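As structure tokens, the structure follows; a few thoughts come after it.
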Amino acid sequence: MSSKSPSPKRQGAKGPQARSPWLIYTAGILALYAAASFVPHGSLWGLDNLKYLPRWLSVAILLACVSLIFWKSQKGRTKVVRKSSSTLSLYLALLAIVSFGIFYSLPIATTIYGDEVQISKESISQFDASWFTDVITPNLLEGKEALTMAIHRSLAVIFSQPLAQIFKLVSALCGSMFVMLWGRFVFKSPLNDDLRIALFVAGISGGAMLVFFGHVEVYALPMLGSLIFLLHGIRVLKRESPFWSLLLLFVVIVKLHIITILFLPALIYLFLELRRQDTDAVGQSAVSWKQVILFIVIPSLLIGLGAYFFLFHSYDEPYIGDKARQLQQSFLPLTSGAPPYDHYSLLAPAHLLDLVNVFLFVGGPAFLLLIGMLSFARKSLKWETQLVKYAGLAFLFPFIFFCAMNPTLSIARDWDIYALIYPPLLLLLFALLFERSSEHERLSIWNGYLKRAALAFGLLSLPAIIVNIRPELISSRLFDLSDHVYRTYYAGSHYFMSAALEASTPEDRSEKLSTLLKSIRAVHRGANDEEGAGMLVWRAKLLLADQQIDSAMITLKEARVWDPRLPAVLQSLELVAGAIGDTAAARGYLQELVKLDPSKENVDRLKNLH
């Protein structure tokens, strides 16, 4: 990693030449965010949070972004008073404290994005040896997040607190540490102030930071661990730390979450780079890209393809929720399956659009800056350095993995696992900007544009925070997501709608659900539509609560046509028939239910029906 400072004597590029592509690009992004505010069905869920804010606030945010991009003093460079290391540490510590307060006090307004339902059911009063045997087991798939769970469970016993509360506390702590470590790394790097501000803003304003917002999820520790591992890798590159220390960190983060094993190619590259004796120059690569591709990238891809076809068998089996085999169907099939799972596959347009959405959602400014750099400054980027190769490999394989991954209930619901792409994304952005700035002072005028773009894109990430902490706002967003998921991935759309109803006020539920059902009826998936039938059952329940029994019965009969084998439909029909005194009809529905679900509860209800 080179630490050469830019020379002040080099001449800058002409303003219009450097300015035009960035102004066009950033203006286009702003226009896209504005347009997303008017798109129905949640198809642009990665950037449509402005839609759910009061109109005056949405307009104010967009105008503020425009002023940041087009402000005429943009050419001026930021001048930050240099602080001593101790003073910088003090400021960052204060920032970490403030960050912890924000993360801890602003929990996400719904449990749909986390594991709170499952985790909260776990009652812990004493230590269990299995927590630690899971950590040391050689079978990584059996304990894919063993160390994370062991830490949280141990803290729950030590402090005699519910496990969900421990998760909330640890998430906020991880978030504050993430902000402090990233800030220290950026502001201690030999970059000019404009780039420091751009990188810092990109690092603290992405949607991935919502992982730290108090909801119960297992990804906070792996995200922090990933950042520590990747930044320590730079110290190893600079020969400031031994390789074995990074290897130890790698073992730890893999035990925090198995997905971090995707950093292995980057680790192998560092090992090869450090083993080569061709050069002693720090930052000068001794391993060419050709060697990286032949000996690291291609073998890793072949191993991944082999697992896809022969271990997971995911190439032709759509994932359909709890009924499917989660391990075997960890990735999307190559082609679409039978209806109603015929809209989603590895290369389906709906999936590609969701990938754009999720990466923009979790990556925010960092992804947008990276796209801009690769689009308009790729010829000036230094691809041959150790730092860029290391960062590129660290980002490449998690990116490929997430592109192929088959999320449990749709990407929109499982965005939090995609947040694990955030640390390697930040590292890659830093690597490209660092190496570029150290050799291209003639392009220093770009630094101001990057800073302004980072501030504007960071401001556009703020609506996601506002929406996710306000139940009435996230309710509307979840209804739109339910519609979008039903039209594309299908599985899990009923789950979204249930969460949307829970978050909405009683006054809004009926109207919002009616609007959703009207949209769904227009694209009804045909027979055996479990998701659509489940939504109709909810509509019937609301009608019953409003004493509209006849309308409820009509809705349930429609649900039965959509999916005649859904137990919830028969249960509701039996209740309605009983409410209107039609015992014969109620008995008939119960008999059908017992055939589908011969549980003791259903059998006893049939026996006791008079």
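Model, not experiment: these values are computed from the prediction.
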| field | Parallel, tilted or perpendicular: ring planes of Y219 versus H257, cut at 30 and 60 degrees | value | tilted

| message | Is any side-chain heavy atom of V356 closer than 4.5 Å to one of F367? | response | no

| Are any side-chain N or O atoms of S189 and backbone N or O atoms of L191, one a donor and one an acceptor, separated by less than 3.5 Å? | no

| request: State which residues pass salt bridge (charged side-chain N to carboxylate O under 4.0 Å, His left out) with E472; sequence neighbours excluded, sorted by chain then number. | output: R470

| task | Would you indicate whether the side-chain heavy atoms of I259 and V254 approach each other to under 4.5 Å? | result | no

| query | Hey, what do you get for CG (L231) to CZ (F185), rounding to the nearest 0.5 Å? | reply | 5.0 Å

| said: Is it the case that the ring center of F243 lies less than 6.0 angstrom away from the ring center of F271? | reply: yes

| request: Evaluate the side-chain proximity of D354 to Y344: yes if any heavy-atom separation is below 4.5 Å, no if none is. | output: yes

| field | Pairing residues for F479 by the ring pair (Phe, Tyr, Trp, His ring centres under 6.0 Å) criterion, not counting sequence neighbours | value | none

| query | Between K389 and E273, does at least one N-O distance fall below 4.0 Å, as a salt bridge requires? | reply | no

| said: Check whether T488 reaches the backbone of A350 with its side chain - one donor and one acceptor, N or O, closer than 3.5 Å. | reply: no

| Side chain S241, main chain V236, donor-acceptor under 3.5 Å | no

| said: Taking the side chain as everything from C-beta on, heavy atoms only, tell me whether P365 gets closer than 4.5 Å to S461. | reply: yes

| Is the F200 to W182 ring centre distance short of 6.0 Å? | no

| query | How long is the span from the CG atom in L433 to the CG atom in N192, to the nearest 0.5 Å? | reply | 9.5 Å

| task | Return the minimal non-hydrogen interatomic distance between A456 and C65, and the atom names on each side. | result | O-SG, 3.4 Å

| message | Under the rule for side-chain contact (heavy atoms from CB on, under 4.5 Å), what residues qualify as partners of I298, not counting sequence neighbours? | response | I293, L294, L302

| request: Apply side chain to side chain contact (heavy atoms under 4.5 Å, CB included) to the pair V201 and K451, showing each step before the final yes or no. | output: CA-CA 8 Å; V201 170; K451 178 190 66 176; over 6 Å; no

| Test item: H351 and L355 side chains (from C-beta on) under 4.5 Å apart, heavy atoms | yes

| Looking only at heavy atoms, which two atoms of G42 and H484 are closest? And how far apart? | O-CG, 3.6 Å

| message | Using the side chain to side chain donor-acceptor pair (under 3.5 Å) criterion, which residues pair with S493? Sequence neighbours excluded. | response | E531

| task | Write down the atom of P265, the atom of S300, and the distance for their closest heavy-atom approach. | result | CG-OG, 3.7 Å

| task | Give a yes or no answer on whether the side chain of Y489 reaches the backbone of A412 with a donor-acceptor pair at less than 3.5 Å. | result | no

| request: Output, in order, the C-alpha distance, side-chain angles, deciding distance and verdict of side chain to side chain contact (heavy atoms under 4.5 Å, CB included) for Q386 and L270. | output: CA-CA 8 Å; Q386 293 177 345; L270 287 183; over 6 Å; no

| task | Please round to the nearest 0.5 Å and tell me the distance separating atom CG of L478 and atom CZ of R413. | result | 11.5 Å

| task | Verify side chain to side chain contact (heavy atoms under 4.5 Å, CB included) between L62 and L460, making sure each step is shown before the conclusion. | result | CA-CA 8 Å; L62 287 172; L460 288 173; 4.2 Å; yes

| query | Which atom names give the shortest non-hydrogen contact between F434 and P190, and what distance separates them? | reply | CE1-CG, 3.4 Å

| query | Listed by chain and number, what are the side chain to side chain donor-acceptor pair (under 3.5 Å) partners of N49, not counting sequence neighbours? | reply | R477

| request: Return the orientation label for the F212 and F103 ring planes: parallel under 30°, perpendicular over 60°, tilted otherwise. | output: tilted

| task | Check whether any side-chain heavy atom of L57 sits under 4.5 Å from a side-chain heavy atom of I61, and report yes or no. | result | yes

| If you measure from CZ on F397 to CD1 on I296, what distance do you get to the nearest 0.5 Å? | 8.0 Å

| message | List the residues meeting side chain to side chain donor-acceptor pair (under 3.5 Å) with Y104, not counting sequence neighbours, and say none if there are none. | response | Q165

| task | Could I get the full list of side chain to side chain donor-acceptor pair (under 3.5 Å) partners for H232, not counting sequence neighbours? | result | S245

| said: I'd like to know whether the aromatic ring centres of Y486 and Y490 sit less than 6.0 Å apart in this structure. | reply: yes

| message | As an exercise, state the distance from CD1 of I253 to CG of L230, rounded to the nearest 0.5 Å. | response | 7.0 Å

| Taking every non-hydrogen atom, the tightest pair across A202 and L369 | CB-CD1, 4.3 Å

| request: Can you sort out the partners of S226 under side-chain contact (heavy atoms from CB on, under 4.5 Å), two or more places apart, ordered by chain and number? | output: T260, F263, P423

| note | Those residues at least two apart in sequence (or on a different chain) that pass salt bridge (charged side-chain N to carboxylate O under 4.0 Å, His left out) with R487 are D483

| task | For T26, enumerate each residue passing the side-chain contact (heavy atoms from CB on, under 4.5 Å) test, keeping only those at least two apart in sequence or located in another chain. | result | W22, I69, A453, F457

| query | Is the F361-Y418 ring centre distance short of 6.0 angstrom? | reply | no

| Looking at residues at least two apart in the chain, or sitting in another chain, which of them share a side-chain contact (heavy atoms from CB on, under 4.5 Å) with A391? | L427, L428, A431

| task | List the atom of S410, the atom of F496, and the distance in Å for their closest heavy-atom pair. | result | OG-CE1, 3.4 Å

| message | Taking the side chain as everything from C-beta on, heavy atoms only, tell me whether S99 gets closer than 4.5 Å to L95. | response | yes

| field | Point-to-point distance, once rounded to the nearest 0.5 Å, from CD1 of I469 to OG1 of T110 | value | 14.0 Å

| message | Between L274 and R239, is the side chain to side chain contact (heavy atoms under 4.5 Å, CB included) condition met? List the steps. | response | CA-CA 9 Å; L274 296 175; R239 281 70 164 179; 4.0 Å; yes

| said: Is any side-chain heavy atom of V362 closer than 4.5 Å to one of F402? | reply: no

| Do any pairs count as a salt bridge (Lys or Arg N to Asp or Glu O under 4.0 Å) and have a residue in residues 50-70, sequence neighbours left out, and if so which ones? | D48-K51, K51-D480

| message | Is it true that R184 and S89 share a donor-acceptor pair across their side chains at a distance under 3.5 Å? | response | yes

